[in-house]
Number of protein chains: 2
Amino acid sequence: MAEPSTARSLKRSSSPRKAATVEGDIDTSYLETLTGYNARRAALTIISVFLERMAQYELRPVDFSVLSLIAHNPGITSRQLCGALDILPPNLVGMLRVLETRGVIEKREHPTDRRAQGLHLSAAGKKLYTKAQRTASQLELDTLSDLSPQERETLHSLLRRVYRPTRGPAASDQTM
Amino acid sequence: MAEPSTARSLKRSSSPRKAATVEGDIDTSYLETLTGYNARRAALTIISVFLERMAQYELRPVDFSVLSLIAHNPGITSRQLCGALDILPPNLVGMLRVLETRGVIEKREHPTDRRAQGLHLSAAGKKLYTKAQRTASQLELDTLSDLSPQERETLHSLLRRVYRPTRGPAASDQTM
DNA sequence: TATTGTTATACTCTATAACTATA
DNA sequence: TATAGTTATAGAGTATAACAATA
């Protein structure tokens, strides 16, 4: 058993960008030409705020993602969660067990496949997720307050095109 | 001692987006409204390619970032690296030791502070970094081939505004 | 034979406390 | 007293191999 208890610590300092030593003197211009560097820095910045505000629900980003997909896809299976969130099956087991122990989710028998199990939010889980989603949406507004709604949409669109390559029209692998 | 050897494994599967099970059936639309989610997914996608292509140099993303900052900021100190890259000092020690053992970097005495030490690339380090940077820049072109140069610049600009909040004009904390 | 969920486990990443030498 | 670099170590995150039950 890998999980010590139901409630996890969730602590993390997250270092809110303190310019203790000099930092403006350092030339980071080349790294800033790399999308991976910029995307990772941006993600970590937002995640640090996410951790703070979601601590009240004892939800890490991955827990919230799992609940969100279950909420919007009732009956989703463990494997489907893994595929959608890029989590390895062994690493999901413990998370689901904790969420089930907390009474947030329920495992029901799959309608057609007796190996699988459909995942659902409990009544308490729905209440928790509703509050958590509101917090997440508010966090989005707060951390991206420097960007206009249109800039935010542009950012999301561009990011999606990075991690979910355009399989759309004008593709190169068409049969004729 | 935390490092087992000079050369590290660098192995990682990185799962190149295989749609093994269904995945298009899963509704991820809410998560995709969250910048943190999108930024993290994009970063992980690029980093997985980065890991593959940088394996020949035995450099992880963090190693490359360290070398890049030393290359462009000769004499930079350990603390400055930590500040610029958001790495905790204890976690940098091992990386620098490995790079020094590999003959890639050199530690020299700091000109004014005898506690600190200036970091520099060795001749071999400069050759290695030059090749690595070329690989990184090519990777940027390849992984972002769906985006025009202008879209790429827009993406970088927006990401920087997320992780490095605009401290510029029209700020709210002015004295008058 | 392949897939779902699972256990056990190893490895990597990230964080804290505490020490020394110097400022 | 505070800071730079370091050690030791704990905790969280990510990976592989292998198994039973079912498809």
Side-chain angles (χ1 to χ4, degrees), chain A residues 1-5 7-15 18-22 40 43-44 47-48 51 55 58 60-63 65-66 75-83 85-98 100 105 107-119, chain B residues 1-5 7-15 18-22 40 43-44 47-48 51 60-63 65-66 75-83 85-98 100 105 107-119:
Chain A
M1 38 196 99
E3 293 67 40
S5 68
R8 303 197 182 188
S9 45
L10 292 181
K11 62 163 181 273
R12 188 171 293 190
S13 65
S14 76
S15 59
K18 64 168 177 177
T21 42
V22 280
R40 181 159 191 275
L44 290 178
I47 288 171
S48 77
L51 286 167
E58 294 198 83
R60 299 164 303 164
V62 65
D63 298 314
S65 296
V66 164
I76 189 174
T77 68
S78 184
R79 283 288 184 184
Q80 288 176 310
L81 273 179
C82 287
L85 295 176
D86 225 339
I87 299 172
L88 292 170
N91 298 330
L92 183 63
V93 174
M95 304 180 206
L96 293 181
R97 180 164 45 218
V98 170
E100 189 182 23
I105 66 169
K107 295 178 178 177
R108 303 182 193 163
E109 63 181 10
H110 190 94
T112 60
D113 189 336
R114 288 197 307 171
R115 294 172 304 180
Q117 45 201 356
L119 299 170
Chain B
M1 42 194 95
E3 292 71 36
S5 68
R8 302 197 181 185
S9 45
L10 292 181
K11 63 163 181 273
R12 189 170 292 189
S13 65
S14 76
S15 59
K18 65 168 178 181
T21 42
V22 280
R40 181 160 191 274
L44 290 177
I47 287 172
S48 77
L51 285 167
R60 299 163 302 164
V62 65
D63 298 314
S65 296
V66 164
I76 189 174
T77 68
S78 184
R79 283 288 181 178
Q80 288 176 311
L81 273 178
C82 287
L85 295 176
D86 225 340
I87 300 173
L88 291 170
N91 298 331
L92 183 62
V93 174
M95 304 180 205
L96 293 181
R97 181 164 45 218
V98 170
E100 189 182 22
I105 66 170
K107 295 178 179 176
R108 304 182 194 164
E109 62 180 11
H110 190 94
T112 60
D113 190 336
R114 289 197 308 171
R115 293 172 305 181
Q117 46 201 355
L119 299 169

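Each chain gets a letter, A, B and so on, in the order its sequence line appears, and its residues count up from 1. Since this is a predicted model, take the numbers as computed values, not measurements.
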Please list, for nucleotides 18-21 of chain C, all pairs of protein and nucleotide N/O atoms separated by less than 3.5 Å.
none

Using a cut-off of less than 4.0 Å, is there contact between a side-chain N or O of A/Arg114 and OP1 or OP2 of C/dG5?
no
Length of the line joining A/Leu88:CG and D/dA12:P, which is rounded to integer Å
19 Å
N/O (side chain, B/Lys107) to phosphate O (OP1/OP2, D/dT6) under 4.0 Å
yes
Rounded to whole Å, how long is the line connecting atom CG of A/Asn91 with atom C1' of C/dC13?
14 Å
Which angle, rounded to 10°, do you find between the first-five-pair axis and the last-five-pair axis of the helix from C/dT1-D/dA23 to C/dA23-D/dT1?
10°
Please report the distance, rounded to the nearest Å, between CG in B/Leu92 and P in D/dT6.
8 Å
OP1 or OP2 of D/dT6 versus the side-chain N and O atoms of B/Arg79: is any pair under 4.0 Å?
no
Round to a whole Å and report the spacing from CZ of B/Arg40 to C1' of C/dC13.
12 Å
Heavy-atom nearest pair, A/Glu58 first then A/Asp63, reads O-OD2, 4.4 Å
Separation of C/dG5 C1' from A/Ile76 CD1 (nearest whole Å)
15 Å
For the student: nearest non-hydrogen atoms of A/His110 and A/Ala116, plus distance:
CB-O, 3.4 Å
Measuring from A/Leu85:CG to B/Arg40:CZ, what's the distance to the nearest 0.5 Å?
9.5 Å
What pairs with B/Arg115 under salt bridge (Lys or Arg N to Asp or Glu O under 4.0 Å), at least two apart in sequence or on another chain?
B/Asp113
When we call it a touch if two heavy atoms are under 4.0 Å apart, what does A/Asp113 touch: a base, just sugar-phosphate, or nothing?
sugar-phosphate
Can you check the A/Asp86 CG to D/dT14 P distance for me, whole Å?
10 Å
I'd like to check B/Gln117 versus B/Thr77 (side-chain heavy atoms, cut-off strictly below 4.5 Å). Are they in contact?
no
Specify the closest pair of heavy atoms between B/Cys82 and B/Leu88, including all atoms of both residues, with the distance to one decimal.
SG-C, 3.9 Å
Heavy-atom pair with the smallest gap, counting every atom of A/Val62 and A/Met95
CG2-SD, 3.8 Å
Supply the atom-to-atom distance B/Asn91 CG to B/Asp86 CG, rounded to the nearest 0.5 angstrom.
11.5 Å
Residue pair A/Val62/A/Thr112 against DNA chain D: nearer the 5' end by closest nucleotide is A/Val62
Quickly work out the B/Leu96 CG to D/dG5 P distance and round it to whole Å.
9 Å
For A/Gln117 and C/dT6, what is the distance between atoms CD and P respectively, to the nearest whole Å?
5 Å
For the residue pair B/Leu81 and B/Ile87, establish whether any side-chain heavy-atom pair is separated by less than 4.5 Å.
no
